[in-house]
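See structure below.
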Protein chains: 2
Amino acid sequence: MQKTGQPTINDVAREAGVSKKTVSRVINRSPLLGDDTRRRVEAVIEQLGYIPNPQARALALRRNFLIGLVHDNPNAQTVMNVQQGMLEGLYGTEFEMVVRPLDRGSPRMLDDLRHFLERQRLFGVLLLPPVSENDTVAELCRDIGCRYVRMGSASLDAPEQMVASNDREAVRAATDYLIAQGHRRIGLICGPHGFRSGVERRRGFEEALAAAGIALPRSLIADGNYTFESGLVAADRLLDLVPRPTAIFSSNDEMAAGVIHAARQRGLEIPRDLSIIGFDDTPIAAHVWPPLTTVRWPIASMARSAALKLIAGYEEGEPVEEPSLFLSTLIRRGSVSTAPA
Amino acid sequence: MQKTGQPTINDVAREAGVSKKTVSRVINRSPLLGDDTRRRVEAVIEQLGYIPNPQARALALRRNFLIGLVHDNPNAQTVMNVQQGMLEGLYGTEFEMVVRPLDRGSPRMLDDLRHFLERQRLFGVLLLPPVSENDTVAELCRDIGCRYVRMGSASLDAPEQMVASNDREAVRAATDYLIAQGHRRIGLICGPHGFRSGVERRRGFEEALAAAGIALPRSLIADGNYTFESGLVAADRLLDLVPRPTAIFSSNDEMAAGVIHAARQRGLEIPRDLSIIGFDDTPIAAHVWPPLTTVRWPIASMARSAALKLIAGYEEGEPVEEPSLFLSTLIRRGSVSTAPA
DNA sequence: TTGTATGCGTTATCAA
DNA sequence: TTGATAACGCATACAA
C-alpha cells in the first residue's frame, strides 16, 4: 500500500505473486491469459479494492477517459437534456463528461477547439448543433484522432458518428395535422440562419403545404432565432397581416411561447383565434397556457446513444448496435383547434 | 519532437540547452531562477508552441486539473446557470469542468461521491444545493483532500469554501413589497423538505408578516417541491380558501408558473384578482403572462466566484478576494398590483 | 541558480 | 502464457 491509501497495480502484483503486466492484462481483459491466473488476480483485486488510476492510464495510453460535450447551442434546456442523456450512457463506465462551450463566431473557435482536444487528449466528443454541422470541425477531430459523434437534424456523417433526428418529416406531419384541422393560412417562424434544424423544419413545412396544394406567400414566412423575443417579434408581424393567419408553426417552443404572448397581448384567444404548434417539447411547452401542441425532439435519447457510440468497444458486454436515426413525434395538447369557418 | 507532434518538456530543454527541471521551474514560476535563463526558456516554449501535458502533471502531482460540479439539483435552469458561471471563472485557465450528478436518496450516494473524487483526484468541487447542505459531504471532501466550495442559501461554512445568497432577507423584502401594496391575506408555497433554501425563504416570509403584525394562519401555507405541478396543486388548495388570498409568494418561479396556470383555469385575472411573486428569475419568469415579479437569484455570479475560490493561488495574477455573500434583488414585472379594496 | 536521479501508476516491447 | 524493462511527461529530493 502507498501512503495515499490507494492500492496500486504493484500491490496487486505482489499480493498475487505475479508481475504488473499480468495484472494489467487482467484489467484490460487480455485474451491470452491463464484462467487460474486470472481468477487469482481478480480475487486479489477484489480483496484490496484496487481501482486503476485514470491519470496513469491516460499518460500511458496517451488518451484520457473523458468524453467532451462541445456545444455552441444557445438553448439551456437543450444542453441540459443532452447532458442528462450523455451521463445516462456513461453511467457505470470509467468515463466522465467534461463540458466545453464554444464561442461561435469567434475566429479563434477552431483553434480553441484544437487546443482543447489536443491538450486534454479526450477520448471522444459529442458535437451539438449548430457546431456539429461544421464539417471542418469533424475533420479536425479526425486529424487529431479524437472520436466524435455529431448530433443534428439531418444525416451529415457515417452512422457510427452520427445521431440524427427526422425534423423534416416530423414538421411535415405536424403541418399536415394543421391542414387536416382546416387551416389554410398558416404562418411559419423560421430558425436562425446557419442552423440546419431551421432549414429542415422549414422544408418540412413547405413540403406539406405544397403537397396539399396550398400557396405559401413569402409574407407568411417570418425570421426567428429560437429566442422568445424573436418569436414575439415574428408573431407581431404575422398577426398584422390581413387576413390574419389562423395557425402558426414555430420552429421551436421558446418562440412559440413568444407567439402566445403576442397573441394574448392583442386579445386573441388560443386556440380559438389562432392555432400554434411548436418544436422541441421542452418543459416550457407544457407550462404555458394553453399547453402547447409541439413536436417532441428526443435529444436525450440521441445523446445517450451518441455516448454509447463514442465508447463502443471499450466497455464490457456486447457492443449493442445503436440507432442513428431518431423519430420526432407530434404531442397534441391544447394549442390547436379547427380553423374558424 | 515526438511522434505525436506535441513538443514535450524534453524538447524544450534540449532546444534551450537547459535541463528538464529548469523548464519545469519556468512553467511553475519558481522564484529562484535566473532572469536570462527564464527568458531563454520562455522564448523556446513560445517558439515550439509547447504546452505542458495535463495527464503527466496529474500523475506527478497526484492531482487532476479538473473542477467538478457535483449536484443533485432538480432544476435544469439552475444547473445551466451554474455551469455558465463556473466556466466563466475557469475561462483561460488550465482547468476543465466535469459534471457529476448525484442520486440524492440513494444509500450509496456518499460512496459514489467518494469513489468519484478519489479516482479522478479532482482538484476541487463545487457543491450545489441541496447536496451542498450536507455536512457529511463537506467532511468527505476534507478527508480526501479535495478542495470544495459550497453554494447555498445560508452561510454553512468558512468564507473560503462558501458562496451564499441572502434568501431570507430577499424574501422578506419581497413580502414587504406585497404588504406595501395593501395585501393582507398572502399565501405561501414552500420549497421541498430538506432544502435549506425552502426554510430560509419561508422564514423571510414569516418574518415580514410578523413585523407587519399580520397573522399567518397555517392554512395559508402550502407545501411544494419546486416543480410546476406542485405549484399547481398548492395554488388550487390556496385559491379554494374563503376568503381567497389576494397574493401568493411562491418559493420559486417554476411553481409560480403553476400558480398562474391554476389561477387562469379558474378565471382569475393576474394581477387584478391575484398578485404573485416568484423566486429565481429564470427565463420562465419573463416568458409567462403576465411577466412574473420575482427575486433574482444571482447563481451564475455565485458559481463564477466559487470557481475562482477553488483555483485561488494556482493561477497567475493577484489572488482577488472573492465575496462570500451575494444579494438577491426584487425584479418588478407585471404580476403584482395593489390589493383589491 | 541549476542539474541528476528517481518516482508517479500504468501500458508496450520483446524476450523467455 | 508470463515477466523484465523501458516508455509516457512531468515533478520532487537532493546535490552541486
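Owing to the predicted nature of the structure, the values given are computational and were not obtained by experimental measurement. Every chain is numbered from 1 and lettered A, B, ... according to where its sequence line falls, protein lines coming before strand lines.
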For the pair made of [atom1] in [X] and [atom2] in [N], what is the distance, rounded to whole Å?
{"X": "A/Arg62", "N": "D/dA6", "atom1": "CZ", "atom2": "C1'", "result": "12 Å"}
{"X": "A/Lys20", "N": "D/dA4", "atom1": "NZ", "atom2": "P", "result": "11 Å"}
{"X": "B/Asp11", "N": "D/dC8", "atom1": "CG", "atom2": "P", "result": "11 Å"}
{"X": "B/Arg57", "N": "C/dG9", "atom1": "CZ", "atom2": "P", "result": "18 Å"}
{"X": "A/Asn64", "N": "D/dG9", "atom1": "CG", "atom2": "P", "result": "14 Å"}
{"X": "A/Gln6", "N": "C/dC8", "atom1": "CD", "atom2": "C1'", "result": "13 Å"}
{"X": "A/Ile27", "N": "C/dG9", "atom1": "CD1", "atom2": "P", "result": "13 Å"}
{"X": "A/Ile9", "N": "C/dG9", "atom1": "CD1", "atom2": "P", "result": "11 Å"}

Worksheet entry | Identified side-chain contact (heavy atoms from CB on, under 4.5 Å) counterpart of A/Phe116 within the set A/Leu102, A/Val98, A/Asp111 |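 For A/Phe116, the side-chain contact (heavy atoms from CB on, under 4.5 Å) test succeeds with only one of A/Leu102, A/Val98, A/Asp111, which is A/Val98.
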Practice prompt. Quickly, which of A/Met151, A/Arg150, A/Met302 forms a side-chain contact (heavy atoms from CB on, under 4.5 Å) with A/Met162? Name it, please.
Written response: A/Arg150
For residues 136-147 of chain A, run the donor-acceptor check on the side chains, cut-off 3.5 Å, and write out each pair with its distance to 0.1 Å, sequence neighbours left out.
unit_1: A/Thr136; atom_1: OG1; unit_2: A/Asn134; atom_2: OD1; d: 3.2
unit_1: A/Arg142; atom_1: NH1; unit_2: A/Tyr148; atom_2: OH; d: 2.5
unit_1: A/Arg147; atom_1: NH1; unit_2: A/Leu310; atom_2: O; d: 2.7
unit_1: A/Arg147; atom_1: NH1; unit_2: A/Ala312; atom_2: O; d: 3.3

Who pairs with [X] by salt bridge (charged side-chain N to carboxylate O under 4.0 Å, His left out), at least two apart in sequence or on another chain?
{"X": "A/Glu96", "value": "B/Arg100"}
{"X": "B/Arg25", "value": "none"}
{"X": "B/Arg119", "value": "none"}

Discussion item. Is the shortest side-chain heavy-atom distance between A/Leu327 and A/Pro298 below 4.5 Å?
Written reply: no
Response to the item:
Taking five pairs at each terminus, the helix from C/dT1-D/dA16 to C/dA16-D/dT1 shows an axis bend, to 10°, of 30°
Worksheet item: Could one point to a donor on the side chain of A/Lys21 or the base of C/dA12 with an acceptor on the other under 3.5 Å away?
Response: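 Donor-acceptor pair under 3.5 Å: yes.
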Discussion item. Base, sugar-phosphate or nothing for B/Val18? Non-hydrogen atoms, less than 4.0 Å.
Written reply: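 Here B/Val18 touches the backbone only, sparing every base.
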Practice prompt. Just call it for A/Leu61: base, sugar-phosphate, or nothing, with non-hydrogen atoms closer than 4.0 Å on any strand.
Written response: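 Sugar-phosphate contact only.
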What's the closest nucleotide to the [X] side chain, out of [options]?
{"X": "A/Leu59", "options": "D/dA11, C/dT11, D/dC8", "answer": "D/dC8"}
{"X": "B/Tyr50", "options": "D/dC10, C/dC8, C/dT10", "answer": "D/dC10"}
{"X": "A/Thr22", "options": "D/dC10, C/dG9, D/dG3", "answer": "D/dG3"}

Practice prompt. State which residues pass side-chain hydrogen bond (donor to acceptor under 3.5 Å, both in side chains) with A/Gln120; sequence neighbours excluded, sorted by chain then number.
Written response: none
Discussion item. According to salt bridge (Lys or Arg N to Asp or Glu O under 4.0 Å), does anything in residues 34-49 of chain B pair up with another residue at least two apart or in another chain? List the pairs.
Written reply: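 Non-adjacent pairs meeting salt bridge (Lys or Arg N to Asp or Glu O under 4.0 Å): zero.
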Worksheet item: Taking the nucleotide of DNA chain C with the closest heavy atom to each, which residue, A/Asn28 or B/Ser19, is nearer the 5' end?
Response: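 Checking each residue's closest nucleotide, the 5'-ward one belongs to B/Ser19.
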Worksheet item: By side-chain contact (heavy atoms from CB on, under 4.5 Å), which residues pair with B/Pro52, not counting sequence neighbours?
Response: B/Ile27, B/Tyr50, B/Arg57
Practice prompt. Sort and list the pairs that fulfil ring pair (Phe, Tyr, Trp, His ring centres under 6.0 Å) and have at least one residue in residues 54-84 of chain B, not counting sequence neighbours.
Written response: B/Phe65-B/Phe95
Practice prompt. Scan residues 33-43 of chain A against DNA chain C and write down, sorted by residue number, each residue with any heavy atom closer than 4.0 Å; if none is found, say none.
Written response: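 None - not one residue of the stretch has a heavy atom sitting under 4.0 Å from the strand.
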Worksheet item: Quick one: side-chain hydrogen bond (donor to acceptor under 3.5 Å, both in side chains) pairs with a partner in residues 300-312 of chain B, sequence neighbours left out?
Response: B/Ser305-B/Glu322, B/Lys309-B/Ser324
Report all interatomic pairs (protein N or O, nucleotide N or O of nucleotides 14-16 of chain C) with separations under 3.5 Å.
none

